[in-house]
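Read through the structure below, which is laid out as structure tokens, and then see the notes.
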Amino acid sequence: MHSFNYHKATSVADAAARLAASDDAKLLAGGQTLIAAMKMRLASPVEIVDLGGIAELRGIKIESGNLVIGAMTTHAEVAGSKEVAKSIPALSILAGSIGDRMVRNMGTMGGSVANNDPAADYPAAVVGLGATVITNKRRIGADDFFTGMYETALQPGEIITSISFPVPKRAGYGKFKNPASRYAMVGVFVAETANGARVAVTGAGPSVFRVPDMEKALAKSFTAAAVKGIKVPSGELNTDIHASAEYRAHLVGVMAGRAVEQALAGK
Ligand SMILES: Cc1cc2nc3c(=O)[nH]c(=O)nc-3n(C[C@H](O)[C@H](O)[C@H](O)COP(=O)(O)OP(=O)(O)OC[C@H]3O[C@@H](n4cnc5c(N)ncnc54)[C@H](O)[C@@H]3O)c2cc1C
């Protein structure tokens, strides 16, 4: 039987001090991944630092034209927020597509982004919108944050406090769900931003990635027809019991087209 200390942090500074005091401490957010990993003995931290009591990590606000969402904001809160629906409706749709009701009520944006599951939805929005991940130590641009399968630029002891999303002209999210878990078999986030078009794909490869050919085509003409026929090489995509790399490559094209249509419809 594995035993561990549990600490309910009262502030970000308190959580950071606890992390610094132990070689084997883990932050607990919604617990939807961490608790399952502990049950399966894939993780056995000696110290759990619960972020659930820290009010400063929750909430959704507009700050200098950016939508800023606290790390402990749940998927259900993002999906139900009028502010999100008004500024980035594609983000509401994405949050509402995550898992099931329990997962959406417990899982958090910070936990999802820190975990960087290859099939998670939020990484597509973070990269697709060119967001900034804000930690207790620094600000990290989306393109530098997700470094590989379950890997991020976060350093030991670093805590995500919020994510700042620039509000795009329009955006859309096309997701082909795994029918059992509802994780993304392939999810494509497209956005028309002040700095051009962005296309970010989750679920298909080891980690979220951009598709420059689609971005160039959408910069010329932001239409579903513009991305039609643009192929993503299947060489580095995932093959597993759910789908082959070739099937995933095909889905990227289909989901990109649907994401553009959703963006144009403004829903
Ligand atoms: C049945 C099921 C279905 C799911 N379906 C989907 C889906 O369709 N799409 C999808 O995207 N996700 C899905 N998820 C994942 C879920 O939505 C959560 O996002 C995910 O479990 C992690 O968030 P959490 O808040 O539960 O984090 P936790 O499990 O508490 O933590 C996960 C990891 O992140 C670290 N961490 C947490 N918060 C921070 C922080 N603020 N700073 C730094 N590190 C931190 C923890 O230490 C831990 O290593 C599903 C999960 C389940 C169980």
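Note that ligands are numbered from 1 as they come in the structure, with each ligand's atoms numbered from 1 the same way.
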Any N/O of [X] closer than 3.5 Å to an N/O of ligand 1?
X: G99; value: yes
X: E158; value: no
X: A29; value: yes
X: I98; value: no
X: G31; value: yes
X: Y122; value: no
X: A114; value: no
X: A71; value: no

Can you tell me the protein heavy atom closest to [atom] and the distance?
atom: atom 1 (C) of ligand 1; value: V103 CG2, 3.9 Å
atom: atom 12 (N) of ligand 1; value: Y183 CE2, 3.4 Å
atom: atom 24 (P) of ligand 1; value: G30 N, 3.5 Å
atom: atom 32 (C) of ligand 1; value: G111 O, 3.9 Å
atom: atom 29 (O) of ligand 1; value: L34 N, 2.8 Å
atom: atom 20 (C) of ligand 1; value: T33 OG1, 3.3 Å
atom: atom 41 (N) of ligand 1; value: I160 O, 3.0 Å
atom: atom 48 (C) of ligand 1; value: L27 O, 4.1 Å

Heavy-atom pairs closer than 4.0 Å: do any link ligand 1 to the side chain of [X], the backbone, both, or neither?
X: M102; result: neither
X: H75; result: side chain
X: I35; result: neither
X: S181; result: backbone

Would you give me the side-chain donor-acceptor pairs under 3.5 Å for residues 59-68, sequence neighbours excluded?
| unit_1 | atom_1 | unit_2 | atom_2 | d |
| --- | --- | --- | --- | --- |
| K61 | NZ | E63 | OE2 | 3.3 |

What's the separation between atom [atom1] in [X] and atom [atom2] in [Y], rounded to the nearest 0.5 Å?
X: L27; Y: L51; atom1: CG; atom2: CG; answer: 5.0 Å
X: K175; Y: Q262; atom1: NZ; atom2: CD; answer: 12.5 Å
X: S81; Y: L91; atom1: OG; atom2: CG; answer: 9.0 Å
X: E83; Y: I69; atom1: CD; atom2: CD1; answer: 10.0 Å
X: R170; Y: F222; atom1: CZ; atom2: CZ; answer: 6.0 Å
X: I230; Y: L218; atom1: CD1; atom2: CG; answer: 7.0 Å

_M38 to ligand 1, any heavy atom closer than 4.0 Å_ =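 No, that is not the case, since the closest heavy atom of the residue is not under 4.0 Å from the ligand.
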Atoms in ligand 1 flagged as close to [X], the criterion being non-hydrogen separation under 4.0 Å:
X: K26; result: 47 (O), 49 (O)
X: K175; result: 8 (O)
X: D121; result: 7 (C), 8 (O), 9 (N), 10 (C), 11 (O)
X: A120; result: 10 (C), 11 (O)
X: R182; result: 7 (C), 8 (O)
X: G107; result: 25 (O), 26 (O)
X: S112; result: 19 (O), 22 (C), 23 (O)

*Relative to each other, are the rings of F189 and Y173 parallel, tilted or perpendicular (30° and 60° limits)?*
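Judged by the thresholds at 30° and 60°, the geometry between F189 and Y173 is tilted.
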*asked:* Under 4.5 Å between side-chain heavy atoms, counting indirect links through other Ile/Leu/Val/Met/Phe/Trp/Tyr residues: same cluster for V227 and V186 or not?
replied: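 Yes: a chain of side-chain contacts under 4.5 Å links V227 to V186.
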Between side-chain atoms of residues 155-167 and protein atoms elsewhere (two or more places apart, or another chain), which donor-acceptor pairs fall under 3.5 Å?
| unit_1 | atom_1 | unit_2 | atom_2 | d |
| --- | --- | --- | --- | --- |
| E158 | OE1 | R138 | NH2 | 3.0 |
| E158 | OE1 | Q155 | N | 2.8 |
| E158 | OE2 | T135 | OG1 | 2.8 |
| E158 | OE2 | R138 | NE | 2.7 |
| T161 | OG1 | I134 | O | 3.1 |

Are more than 12 heavy atoms, taken from residues, nucleotides or ligands other than [X], located less than 6.0 Å from that residue's [atom1] atom?
X: D23; atom1: CG; result: no
X: K177; atom1: NZ; result: yes
X: E236; atom1: CD; result: no

*Thinking salt bridges, do R248 and D240 make one under a 4.0 Å N-O criterion?*
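Yes, charged N to carboxylate O under 4.0 Å.
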_Could you check whether any side-chain N or O of R210 sits under 3.5 Å from a backbone N or O of R198, counting only pairs where one atom can act as donor and the other as acceptor?_
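Checked: no pair found.
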*If you measure only the distance, is there a donor-acceptor pair under 3.5 Å linking the side chains of N115 and Y150?*
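No, Y150 and N115 have no side-chain donor paired with an acceptor closer than 3.5 Å.
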